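Structure first, then comments.
Predicted model, so just to flag it, every value in this text is computed and none were measured.
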Amino acid sequence: MRLLSGAALAAALVLFAPMAALAKGSDISPADLSQLKSYTLSMDKINAMQAAMDDAKRSGMDKKLNSTSDNAQSLAQMEANVKAMPGAMAIFAKHGLSAHDVVVMPLALMDAGMCVAYPSAAPKLADRVAPAQVAFYKQHQADLKKVKWLSGGE
């Protein structure tokens, strides 16, 4: 089973759908590319995201997030949209996650995963993926497979 397919990520939470569109590479600004490449991945934050997703499901917030429509064209717009949902932001903050984490982490993981699964794609993603992100993904593949929000699990 491959992690971080576009479909699995979108299935995890519709909130991430606009990120998947951004991830496909259409007209990403140099500033956004820099933010993606400089994001530091950590299992602590990935596990915190799982805890936040679990809390959202228990509270019914996941239904509200799933009904969210978002046409953001930049990471800043996506972060603003996350911040505009106080209930969701409270859940993320409770687990030590910022709007930046919520928006950038899934993209950084998806890009690193693409580089690991398809090494020939790595040069095409070099402007947005750091070698450290790819190394993190390789090192933690077994742990990442257990994280439900990454694989589209319940």
Polar side-chain atom of Gln133 near backbone of Leu36 as donor-acceptor pair, under 3.5 Å: yes
- prompt: If only atom types and distance count, is the side chain of Asn47 paired as donor or acceptor with the main-chain N or O of Met43 below 3.5 Å?
  reply: yes
- prompt: Distance from His95 atom NE2 to Met49 atom CE, nearest 0.5 Å?
  reply: 11.0 Å
query: Any sub-3.5 Å donor-acceptor pair from Ser59's side-chain atoms to Asp55's backbone N or O?
result: yes
Spacing of Ser42 atom OG and His140 atom NE2 [to the nearest 0.5 Å]: 8.5 Å
- request: Without swapping roles, check the side chain of Asp101 against the backbone of Ser98 for a donor-acceptor pair under 3.5 Å.
  value: yes
field: Side-chain donor/acceptor of Gln35 to backbone N/O of Leu75, under 3.5 Å
entry: no
query: Is it true that Asp111 and Lys37 make a salt bridge, defined as a side-chain N closer than 4.0 Å to a carboxylate O?
result: no
- request: Would you please say whether a donor-acceptor pair under 3.5 Å links the side chains of Asn81 and Gln77?
  value: no
- request: Indicate yes or no: does Lys57 engage Asp54 in a salt bridge with an N to O separation below 4.0 Å.
  value: no
message: So does Ala51 get a backbone contact from the side chain of Trp149, meaning a donor-acceptor N/O pair under 3.5 Å?
response: no
query: Is Lys148 close to Met53 at the side-chain level, that is, under 4.5 Å between some pair of heavy atoms?
result: no
Side-chain heavy-atom pair Tyr118, Leu125 within 4.5 angstrom cut-off: no
- prompt: Roughly how far, to the nearest 0.5 Å, is NE2 of His100 from NZ of Lys83?
  reply: 10.0 Å
task: Quick one: pull up CG in Leu144 and OH in Tyr137 and give me the separation to the nearest 0.5 Å.
output: 6.0 Å
field: Pair Tyr39-Leu109, side chain to side chain contact (heavy atoms under 4.5 Å, CB included): steps then yes or no
entry: CA-CA 10 Å; Tyr39 188 81; Leu109 281 165; over 6 Å; no
- prompt: Which heavy atom in Cys115 sits nearest to a heavy atom in Ala122, and how many Å separate them?
  reply: SG-CA, 3.7 Å
field: Minimal non-hydrogen separation, Ala56 against Ile91, with atom names
entry: CA-CD1, 3.9 Å
- request: Provide the closest heavy-atom pair for Leu97 versus Ala52 in the form atom of the first, atom of the second, distance.
  value: CD1-CB, 4.3 Å
